[in-house]
Number of protein chains: 2
Amino acid sequence: MHISANVSERAKEPPNIGVSVVILALGPSDLDDRADNLPAANTASGTAPDIHATASRSDTANTVEVGNGIDHTASRTSDGDAVPTLRIPLVRRIRQPFLGDWALPGGDLQGGRSLEYAAEKALRSTTSLHPQYLEQLYTFGDPSRSHGGLPMVSIVYWALIGETEAKDFREAQNVRWFPVNQLPPLAFDHKDIIEYALTRVRNKIEYSDIATRLVGSEFTLSQLRNVYEAIYGRKLDAPNFRRRMLSTGMVEPTGEKLARGAHRPACLYRYVAHTGTGKSAKSTKPAKPGSRDIPTIPTQRTAQQ
Amino acid sequence: MHISANVSERAKEPPNIGVSVVILALGPSDLDDRADNLPAANTASGTAPDIHATASRSDTANTVEVGNGIDHTASRTSDGDAVPTLRIPLVRRIRQPFLGDWALPGGDLQGGRSLEYAAEKALRSTTSLHPQYLEQLYTFGDPSRSHGGLPMVSIVYWALIGETEAKDFREAQNVRWFPVNQLPPLAFDHKDIIEYALTRVRNKIEYSDIATRLVGSEFTLSQLRNVYEAIYGRKLDAPNFRRRMLSTGMVEPTGEKLARGAHRPACLYRYVAHTGTGKSAKSTKPAKPGSRDIPTIPTQRTAQQ
DNA sequence: TGAATAGTGTCTCTTAGACAGTATGGC
DNA sequence: GCCATACTGTCTAAGAGACACTATTCA
């Protein structure tokens with residue numbers, strides 16, 4: 001990857017390729033507000049002067065409200081019920097353009113490796129975690145998005161990380177976690193990209209099994225509902241949610257129960273892989289992370305080679 | 001882009017980038033079977049020996065049935081009603097690998113140009129047409145897909161071309177149009193890519209306005225239904241289709257009528273841009289071809305830059 | 001008049017959502 | 001007993017699909 005002598009020469013060459021990841025992780029779902037020991041959200045993490053107010057406070061000074069169509073600046077609704085929130089790790093830029101702003105984790109693409117490999121590598125180097133789910137989001141290549149940097153085609157992936165996994169994140173230099181509804185100033189078009197990823201996830205959760213990957217192998221329907229609520233950013237009606245989950249045939253009871261407090265214990269369920277014989281088994285190829293180059297259901301393609 | 005001396009060196013370099021297009025065009029919807037003067041489908045077009053049987057005949061020797069879950073090897077159903085079919089232009093490969101097989105049109109990516117530009121250019125050079133709709137499909141980058149060629153990342157777009165536009169295609173060397181249900185042997189993973197594009201289009205037509213771009217500015221509901229039928233590959237119930245279209249508020253009557261035969265004339269309608277005040281106005285940013293780098297609703301992204 | 005397409009009415013089935021009410025645990 | 005959560009029952013409204021039926025044109 002060599003850089004040409006002048007700009008007109010450079011324009012004729014193909015742009016560089018990078019791979020980036022929107023990493024969506026479940027926040028803690030237990031009701032005590034642990035804002036101060038959330039993954040690195042509040043710890044001064046680095047060398048550069050802190051140009052932002054504390055991101056996890058309820059005031060939104062120096063943070064950007066992502067317009068996701070849902071009104072929740074805090075993680076609790078007015079009636080006092082907790083709505084779990086999604087969190088996202090970002091990397092502070094240490095060079096121009098957008099020096100000091102926050103950006104999605106990313107890396108270069110190696111010739112002999114798959115795109116998923118590059119995405120997982122970017123994810124690991126930022127969080128030292130493995131994704132529960134990884135899928136291509138979109139490829140951005142408009143020349144105007146470089147803002148003075150080198151022209152760059154960014155192949156963007158999005159990843160999901162479960163609550164238990166997110167607890168052993170790696171606290172790295174210039175890496176912080178932000179709630180998706182309180183993002184800091186972002187470099188390039190990364191704000192649009194995150195919004196787009198959220199739209200995509202909320203859409204995908206409707207017809208796929210991604211939510212079941214964010215809970216353990218056995219789970220209560222409340223726990224599963226919490227995953228949906230975190231992704232939607234709003235509370236769901238518990239009775240209707242139960243009916244919907246059971247009617248899909250995607251989950252089945254284990255027979256066990258789980259007591260977690262001064263109330264009736266909840267039945268445990270497990271995920272049932274779709275055999276195609278289920279009742280409303282919409283076609284949902286699981287497509288594990290790093291599996292192959294064939295996307296799951298609704299995405300897009302066309303290729304010269 | 002220079003080629004390195006040996007393989008191990010090459011593997012460390014970033015792969016080449018190309019842009020390809022799945023071009024979906026409406027076939028003729030009038031009922032006379034014009035298989036023999038369809039765009040270039042049957043004319044011997046080239047220098048290379050013709051390794052395929054006539055692709056537009058009803059026998060499928062040397063053609064590949066794309067498994068789209070719909071049983072229609074011919075364009076007519078058993079009751080005699082015509083089902084319009086989608087057609088797709090392919091380019092015959094004139095070098096290894098996959099010499100003689102058919103492939104999606106594509107081209108290189110120039111640094112100073114957008115991805116859409118490259119896709120439109122590939123489309124123009126093959127068909128001399130402008131797309132009614134152009135959208136990114138997916139980016140393929142698995143090393144295994146090169147099959148002996150150079151490693152290649154393919155950013156794939158899909159395009160829609162209306163029936164009237166498709167009539168003045170350009171008959172080019174080594175370019176032919178095939179019905180999507182009778183494809184010839186395809187190079188690389190292009191068969192998967194086309195199947196994926198069809199899935200995507202059938203999905204997208206549900207919640208977007210792409211169908212209205214394939215008819216004129218004024219159209220009857222029968223004409224619009226024909227577009228849906230071509231994309232779905234099956235007949236639709238006319239009364240239910242009418243109700244559904246009218247209930248979305250996406251179309252409105254012009255007051256005019258169109259007489260086309262020995263039967264009751266049909267009312268003409270026009271497309272109504274969504275203002276957000278409509279009844280079931282699902283969020284559908286139009287996203288014209290070549291507009292910007294922000295995708296429409298359900299797709300995916302994440303980027304390093 | 002008949003053929004062919006345009007268009008209306010109506011029925012059923014399914015699903016999502018609202019919400020009242022019951023069940024079962026800890027305290 | 002009370003409280004909190006788990007779970008059941010039921011009503012309503014909207015949407016998709018099947019399909020009988022009417023309307024309007026030309027030949």
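Reckoned from all heavy atoms, side chains included, excluding hydrogens, waters and symmetry mates. Numbered from 1 within each chain, the chains take letters A, B, ... in sequence-line order.
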Next on the checklist: Among B:Ile205, B:Leu24, B:Leu160, which residue satisfies the side-chain contact (heavy atoms from CB on, under 4.5 Å) criterion with B:Leu214?
Outcome noted: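 Of all the options given, the one that passes is B:Leu160.
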Describe the nucleic acid contact of [X] in one word from base, sugar-phosphate, nothing, applying a heavy-atom distance below 4.0 Å.
X: A:Ser222; answer: sugar-phosphate
X: A:Arg244; answer: sugar-phosphate
X: A:Pro239; answer: base
X: B:Ala266; answer: sugar-phosphate

Nearest 0.5 Å, what's the [atom1]-[atom2] distance between [X] and [Y]?
X: B:Arg260; Y: B:Thr220; atom1: CZ; atom2: OG1; answer: 6.0 Å
X: B:Phe241; Y: B:Tyr228; atom1: CZ; atom2: OH; answer: 5.5 Å
X: A:Leu26; Y: A:Gln223; atom1: CG; atom2: CD; answer: 11.0 Å

Rounded to whole angstroms, how far apart are [atom1] on [X] and [atom2] on [N]?
X: B:Leu246; N: C:dG7; atom1: CG; atom2: C1'; result: 10 Å
X: A:Asn240; N: D:dT8; atom1: CG; atom2: C1'; result: 12 Å
X: B:Tyr228; N: D:dG17; atom1: OH; atom2: P; result: 13 Å
X: B:Lys235; N: D:dA18; atom1: NZ; atom2: P; result: 14 Å
X: B:Tyr269; N: C:dG7; atom1: OH; atom2: C1'; result: 8 Å
X: B:Leu236; N: D:dC19; atom1: CG; atom2: P; result: 15 Å
X: B:Asp237; N: C:dT8; atom1: CG; atom2: P; result: 14 Å
X: A:Arg264; N: C:dT22; atom1: CZ; atom2: C1'; result: 8 Å

Item to check | Pairwise 5' ranking along DNA chain D for A:Ala238 and A:His263, keeping only the more 5' one | outcome: A:His263
Next on the checklist: Distance to the ring centre below 6.0 angstrom and angle to the axis at most 45 degrees; does that hold for A:Arg234 and A:Tyr232?
Outcome noted: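 Yes, cation above the ring, under 6.0 Å and within 45°.
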Next on the checklist: Is it the case that D:dG9 (base atoms only) and A:Arg243 (side chain only) share a donor and an acceptor within less than 3.5 Å, ignoring hydrogens and angles?
Outcome noted: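 Checked by distance alone, the answer is yes.
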Checklist outcome for this item: The answer to which of B:Thr220 and B:Ala262 contacts DNA chain C further toward the 5' end, by nearest nucleotide, is B:Ala262
